[in-house]
Amino acid sequence: QETQTVGVSIPAATHGWAGGMNYFAQEAVDRLEEVYPQLDFVLATAGDAAEQVSDIEDMLATRNIDALVVLPFESDPLTGPVAAVADSGAWVTVVDRGLSQEGIEDLYVAGDNPGFGRVSGEFMTSQMPDGGDIVVLRGIPTTIDNERVEGFEEAIDGSGINVLAMEHGNWNRDDSFTVMQDFLSRYPNIDAVWASDDDMAIGVLAAIEAAGRDDVQFVLGGAGMKEMIARTRDGDPMIPANVTYPPAMIGTAIELTAVGLTSSAPVSGEFTIGSVLITPDNAEDYYFPDSPF
Amino acid sequence: MTGAAATAPQRRDRSHSLLDLHVLGPILALAALILLGTGISATNESTFLSASNISNVLSRSAFIGIIAVGMTFVITAGGLDLSVGSMAAFIAGLVILTMNSLAGTVESVPMLVLVGMGAALSAGLAAGAINGFLVTNMRIEAFIVTLGTMGIYRSLVTWLADGGTLSLDFTLRTAIRPIYFGGFGWLTWPIIVFAFVAVLGELVMRRTAFGRYCAAIGSNEQVARYSSVNVNRVRMATYVLLGLLVGVATILYVPRLGSASPTTGVLWELEAIAAVIIGGTVLKGGFGRVWGTVIGVLILSLIGNILNLTDAVSPYLNGAIQGVIIILAVVLQREKKAGT
Amino acid sequence: MTGAAATAPQRRDRSHSLLDLHVLGPILALAALILLGTGISATNESTFLSASNISNVLSRSAFIGIIAVGMTFVITAGGLDLSVGSMAAFIAGLVILTMNSLAGTVESVPMLVLVGMGAALSAGLAAGAINGFLVTNMRIEAFIVTLGTMGIYRSLVTWLADGGTLSLDFTLRTAIRPIYFGGFGWLTWPIIVFAFVAVLGELVMRRTAFGRYCAAIGSNEQVARYSSVNVNRVRMATYVLLGLLVGVATILYVPRLGSASPTTGVLWELEAIAAVIIGGTVLKGGFGRVWGTVIGVLILSLIGNILNLTDAVSPYLNGAIQGVIIILAVVLQREKKAGT
Amino acid sequence: MGDAVTAPLALRDVDRHFGPVQVLHGIGVDLRAGEVHALIGENGAGKSTTMKIMCGFLVPTGGEVLVDGRTRRFADQREAEAAGIVMIHQEFNLAEPLTVEENVFLGAELRRGPLLDKRTMRERTAELLDRLDCRVPPTARVRDLSNPDKQMVEIAKALRQEARVLVMDEPTAVLTTAEVDTLLEQVDRLRAAGTAILFTSHKLGEVKQVADRVTVLRDGRVVHRGPADMSEHAMANAMVGRDVSDLYPAKAAPRGEVALRVEELDVPDHAADVSFELRRGEVLGFAGLIGSGRTEAMEGLVGLRPHRGRIEVDGRSVTIRSPRDAMRVGMVYLTEDRKGRGLLLDKGMRENLTLQSLPDFSGLTVDTAAEERALDDAIARFDVRAPMRDVKVGNLSGGNQQKLLLAKTMLADPEIVIIDEPTRGIDIGTKQQIYKLIRELADEGKAVIVVSSEMQEVIGLATRVLVMREGRIVGALEGDQIDEERINGLQMGLGRAAA
Ligand SMILES: Nc1ncnc2c1ncn2[C@@H]1O[C@H](COP(=O)(O)OP(=O)(O)OP(=O)(O)O)[C@@H](O)[C@H]1O
Ligand SMILES: Nc1ncnc2c1ncn2[C@@H]1O[C@H](COP(=O)(O)OP(=O)(O)OP(=O)(O)O)[C@@H](O)[C@H]1O
Ligand SMILES: [Mg+2]
Ligand SMILES: [Mg+2]
């Protein structure tokens with residue numbers, strides 16, 4: 001049987017979630033290479049959209065790939081190059097972010113960024129029915145972050161929750177620690193924090209703890225880092241919930257692509273991996289001790 | 001003058017062999033990389049030496065390459081510019097906004113493209129002039145000036161894009177795609193422009209008074225000043241030239257991705273400076289070599305390309321391999337020089 | 001000799017005014033920033049001058065600050081080190097792995113902490129020595145060497161962390177938290193260590209033969225060599241010192257969040273270099289000022305702090321404000337110098 | 001040339017301050033077409049400053065500059081050059097990484113269209129260098145040239161400009177006798193062509209030979225003006241303000257043990273098979289033409305260059321890989337290149353003075369008080385004249401820099417001193433003192449090597465002279481044998497004396 005080549009192109013591990021996603025991609029590739037000896041995988045990570053386009057060009061030009069699994073850095077710039085891959089006859093799986101043009105991909109494993117923000121916002125309103133003062137930490141300035149924040153703002157609109165300030169913590173523990181320290185200096189009373197990401201939540205928690213402040217009732221992170229889920233499960237009042245945005249979706253996508261290439265099972269179509277609220281009740285179901293994230 | 005003429009040492013011809021090895025350094029490194037790539041692609045079914053791969057590598061080298069040619073002049077004249085990456089992002093953002101906003105009123109697409117190009121070039125010129133002004137007239141350390149403007153342009157593009165992505169109108173994008181992807185077969189426009197800029201740059205560096213002045217200023221500003229060289233004007237010109245070339249690079253960049261975002265051009269400055277140094281230009285100024293820079297750029301692009309040919313290294317370690325190769329490329333060059 | 005005494009210049013009759021303004025530059029910039037912060041915090045209820053805010057700013061300046069003190073020596077001796085940020089990340093990763101792996105076997109927590117510290121210092125020393133070796137013995141341009149090692153360490157930590165985050169065992173983390181957060185009230189350990197390193201650094205730079213040699217080598221390597229200075233050893237020592245100080249910074253960093261990831265320490269190198277230059281050290285070497293560096297670090301931290309205390313600027317524009325202030329801080333200094 | 005012709009360039013009542021220090025007081029000089037005017041004076045008297053003011057590099061704080069009788073204020077040197085006034089600086093003013101041709105034409109490149117006309121520039125550079133009997137190829141990098149060659153390039157650069165007024169600040173300081181002759185021939189040629197020339201030198205013989213008129217400066221004031229028919233002795237006295245006689249102290253016969261024995265020293269590419277002995281109390285002279293490899297041989301000896309061969313100090317065989325090793329056995333080398341290798345121009349006198357002997361001044365920290373005392377001593381002993389104590393060394397006059405460099409070397413208290421061109425740019429009064437000092441060193445039982453291109457110096461000082469040619473020792477002269485004719489013959493390869 002002839003070997004087929006699967007290209008996997010993802011953003012580099014520049015923050016916690018992306019790191020998890022890198023891990024699951026690598027893990028899936030290693031596993032599937034064992035399972036399907038007739039498949040060859042090329043995994044490339046890119047630091048920005050241009051580099052990702054280069055990676056995809058290389059895969060097409062030098063490896064003659066039969067399938068591409070891509071988690072686009074940004075939708076617009078990647079649309080053309082991915083379309084070129086599709087035109088070459090290769091199978092295309094798009095993960096997380098959709099392309100700007102419909103119908104290019106054979107399989108779409110979608111995350112839901114506005115939904116992530118909405119679920120987070122709804123949890124905030126449910127926790128603070130009478131309103132309250134919160135601060136928000138945002139990620140790296142990107143479309144993803146914009147969509148999440150918009151979803152969040154829509155959800156808390158009219159609930160009486162007042163956003164004191166927003167700053168970019170860049171999905172980074174150190175940056176969010178610094179920003180939170182300064183928020184604590186600036187506001188004598190903060191009821192809650194939407195950290196929007198578990199890495200940032202860790203920085204925020206450290207800052208609150210160091211300041212010894214007890215006005216902050218809870219911190220809502222996101223993306224489902226295992227340590228944070230464990231704390232939710234164990235009933236830590238500071239971390240009453242989490243919102244999923246599983247980095248493992250890349251693994252699922254790679255696996256489905258492999259199945260699609262090697263069998264006649266119908267795997268094309270669209271799978272949306274919605275963002276789910278994790279509370280102490282269902283935390284156990286989302287706790288994967290072996291995951292690095 | 002008695003018999004001195006007879007006994008004075010003959011016009012000494014420098015022993016060329018050593019010099020040549022120094023010159024050969026970057027070329028050897030490039031050759032080694034090409035061999036490595038060919039070797040690797042022989043072990044799997046990949047096609048490293050195909051026209052399409054070569055075309056890809058050369059086309060995408062063009063952005064950094066064009067910028068690095070300008071950087072060669074700045075560094076030769078004893079300066080530095082850390083702002084080029086974010087300058088490129090900012091100019092790309094401006095061009096996209098300009099073209100989008102005119103798309104409604106101006107009908108003719110070629111006209112629009114020309115306006116876009118004009119915008120890119122004038123923005124580049126202005127940005128370069130600002131850096132140049134702060135360095136020459138305000139006499140602030142180039143490192144600080146361009147670190148500052150690097151932050152400023154990066155912020156401005158983030159702000160223009162509202163944290164997200166600025167995208168060109170879809171119809172426009174299709175119209176301008178050929179600027180990046182078109183050309184004569186594998187000889188795409190970016191390759192042609194890069195080659196043109198490189199040849200012209202080499203000519204300017206080696207054959208014009210301007211090139212000489214750059215080297216003179218970089219080696220000893222006082223000497224240049226005492227020799228009637230208008231130091232400020234030449235130094236200013238290097239920054240303006242670099243700004244212009246960033247504009248040119250942006251003209252090629254926008255058609256490729258049709259968008260600009262806060263991550264556009266991140267770390268291009270380091271890559272451009274690295275290419276310049278790998279090529280044999282002296283970081284402290286006084287000696288510059290445009291063709292070396294071109295080789296430096298190719299070396300850097302090839303490393304990425306070759307790493308995509310193989311799964312042998314974990315993608316996590318790509319950066320390490322890159323680092324090792326960059327150091328090795330320069331060792332090759334320096335080892336020979338050590339002989340002198 | 002005859003009339004020598006008569007014509008011999010009097011002792012110390014320097015015109016202090018001009019010199020002082022140059023010296024005052026960074027201090028003025030810092031004062032202006034503090035005023036600005038106080039002004040802003042007066043308009044809202046924030047507490048810029050509170051002990052806790054000051055303690056926060058100083059503590060978090062400590063990492064960059066300690067590294068920047070080392071960088072001052074490297075730059076004064078005509079070198080450069082771009083690798084410090086990723087070196088810090090790599091060392092942090094190593095320390096965490098070491099402590100985690102020993103946590104099972106070694107019982108005593110203080111013992112473990114000591115081992116961790118030892119690991120950080122020796123890793124820093126080794127990393128610095130590698131940079132130093134490549135720069136001095138292999139005679140490769142420092143920019144290239146440290147650009148290379150920057151990529152290498154960054155990759156290695158990504159690889160160690162499998163792309164994710166390396167976290168310290170929870171019990172250990174609680175045990176070592178006081179290293180960052182503890183101290184004497186607002187005078188936390190990082191502040192104490194930073195102050196100690198800064199004072200010692202200033203002393204070494206100004207009062208020891210080593211400091212003299214650094215300046216001499218940076219000013220003219222040949223002269224130093226002809227004056228029997230062991231140029232390679234001194235230069236090597238600057239890199240090793242910097243590596244050690246990166247180790248020290250890491251010892252303070254790890255207890256804060258108990259983790260290291262591929263993003264740890266990103267851009268620290270630029271920040272450290274910027275602090276050094278803002279402080280008045282000359283980028284091309286030959287003159288260094290440790291106390292200036294300390295002020296440079298404080299200026300950079302304060303900018304961030306003040307921007308977080310106000311909504312006046314869009315967060316997207318933070319970088320732009322930072323850029324403008326960095327340039328202004330240096331203008332202040334240079335304008336005065338222009339008077340000389 | 002009569003007074004009827006207005007002076008192409010003149011100074012009237014020129015003052016100049018540096019900060020609080022006034023270095024020129026009411027200087028008046030006028031240059032005439034077709035005449036060589038010599039400006040002489042002690043180190044720090046203000047010769048270079050005067051010349052820089054004439055050529056637009058400095059502006060006077062008082063008085064005026066007259067061009068063709070009309071007052072001009074040059075905003076910068078470019079304007080002076082446009083008026084046909086060209087200066088050769090005391091210190092090299094060359095871009096080291098650039099080639100000879102690039103330097104000669106810097107700022108005035110010949111073009112063909114937008115491009116440089118390299119061929120013509122190269123040819124013209126070669127012509128100019130030929131005129132100076134300099135064999136350097138126009139494509140050589142200045143960095144790789146010896147000091148005399150660099151000076152020739154400077155002169156070629158000035159000649160290229162076909163100036164009306166040529167100002168030369170110690171152009172002969174780094175030249176050997178033969179080259180000086182070539183240069184003076186060129187000066188004659190320019191004078192004949194009607195160029196007005198201002199010339200300064202501490203070699204009064206040259207002044208006597210070439211000048212038509214002389215102006216003497218002392219402490220920033222003109223103390224004598226007149227035709228050049230005065231004797232060298234009279235010039236010296238006018239400069240120094242006291243009677244200078246007996247330039248060279250009496251030689252004493254070397255006593256002492258062999259302090260240094262060098263056998264078959266090879267410095268690749270530069271010197272081969274150099275063997276000699278040096279006794280305590282001896283002053284050993286090294287003579288030779290440019291490029292004869294004396295400097296390189298000495299640099300090899302102290303570990304500044306890779307070398308092979310056997311070296312014994314006080315009878316013990318030693319390995320010297322760096323100047324540190326040399327210092328450890330008591331051997332110190334004073335470089336001929338004070339600007340590039342000798343002094344940190346952007347640092348003060350104190351830092352420079354103690355750089356080499358810093359370990360002697362520092363325990364845990366540097367003892368600045370002791371350094372200040374050392375500086376006091378050095379200033380007194382070597383007559384270093386600085387406008388202020390914390391002046392940057394780059395702002396010292398050339399001769400005073402040289403004195404500081406000597407002081408720096410002596411501070412290391414060496415047993416074996418190798419001095420390369422000890423009195424380059426030093427005025428005649430101080431020269432006398434330095435010669436006395438060298439004599440004293442020898443009398444104290446130190447061993448001294450003097451490498452000098454000034455033949456009189458070698459003859460006057462050395463008890464034994466080795467002559468080098470093309471990297472090899474071609475002869476040794478002792479006692480009465482030491483004379484100009486023999487040295488000349490040897491260094492040009494005309495004879496061979498028994499070593
Ligand atoms: N830029 C400067 N700042 C301060 N002092 C200066 C500066 N330039 C020159 N001087 C001082 O002016 C005085 C005259 O110096 P000048 O160079 O004219 O002497 P000179 O006659 O050329 O001596 P030499 O024979 O040693 O070359 C010296 O004391 C010198 O230190
Ligand atoms: N074999 C050679 N090949 C190339 N260059 C040489 C060779 N020999 C000498 N040179 C050059 O000639 C110069 C020799 O000058 P050097 O200073 O050694 O001569 P010197 O005898 O000390 O005379 P002076 O001190 O008067 O210049 C050196 O700069 C060196 O670059
Ligand atoms: Mg002088
Ligand atoms: Mg010599």
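Remember, predicted model here, so these are calculated numbers, not experimental data. Letters A, B, ... are given to chains in the order of the sequence lines, protein chains preceding strands, and every chain is numbered from 1. Computed over heavy atoms, backbone and side chain alike; hydrogens, waters and symmetry mates excluded.
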Segment of B:Asp162 engaging chain C (4.5 angstrom heavy-atom cut-off) = both
message = Among C:Leu147, C:Ile144, C:Val145, C:Leu134, which residue satisfies the side chain to side chain contact (heavy atoms under 4.5 Å, CB included) criterion with B:Val330?
response = C:Ile144
note = Assert top hit (heavy-atom pairs under 4.5 Å, partner chain C, pool B:Ala274, B:Ala320, B:Gly323) equals B:Ala320
ask   = Going by residue number, which parts of residues 150-157 of chain B are within reach of chain C, meaning a heavy-atom gap below 4.5 Å?
value = B:Met150, B:Gly151, B:Ile152, B:Ser155, B:Leu156
task = Any chance you could measure C:Leu283, atom CG, to B:Glu141, atom CD, to the nearest 0.5 Å?
result = 5.0 Å
query = Does C:Tyr316 have any ring pair (Phe, Tyr, Trp, His ring centres under 6.0 Å) partners at least two apart in sequence or in another chain, and if so, which?
reply = A:His168
message = Taking 4.5 Å as the heavy-atom cut-off, does anything in residues 262-272 of chain C contact chain B, and if so which residues?
response = C:Leu270
request  = Determine the option with the most heavy-atom pairs under 4.5 angstrom with chain B, choosing from C:Thr149, C:Val324, C:Ile327, C:Ile273.
outcome  = C:Ile327
note = In this structure, CD1 of B:Ile140 is separated from CG of C:Leu328 (nearest 0.5 Å) by 8.0 Å
key: Residues of residues 75-91 of chain C near chain B, each having a heavy atom less than 4.5 Å away   = C:Gly78, C:Leu82
query = More than 12 heavy atoms of other residues, nucleotides or ligands under 6.0 Å from CH2 of B:Trp159: is that the case?
reply = no
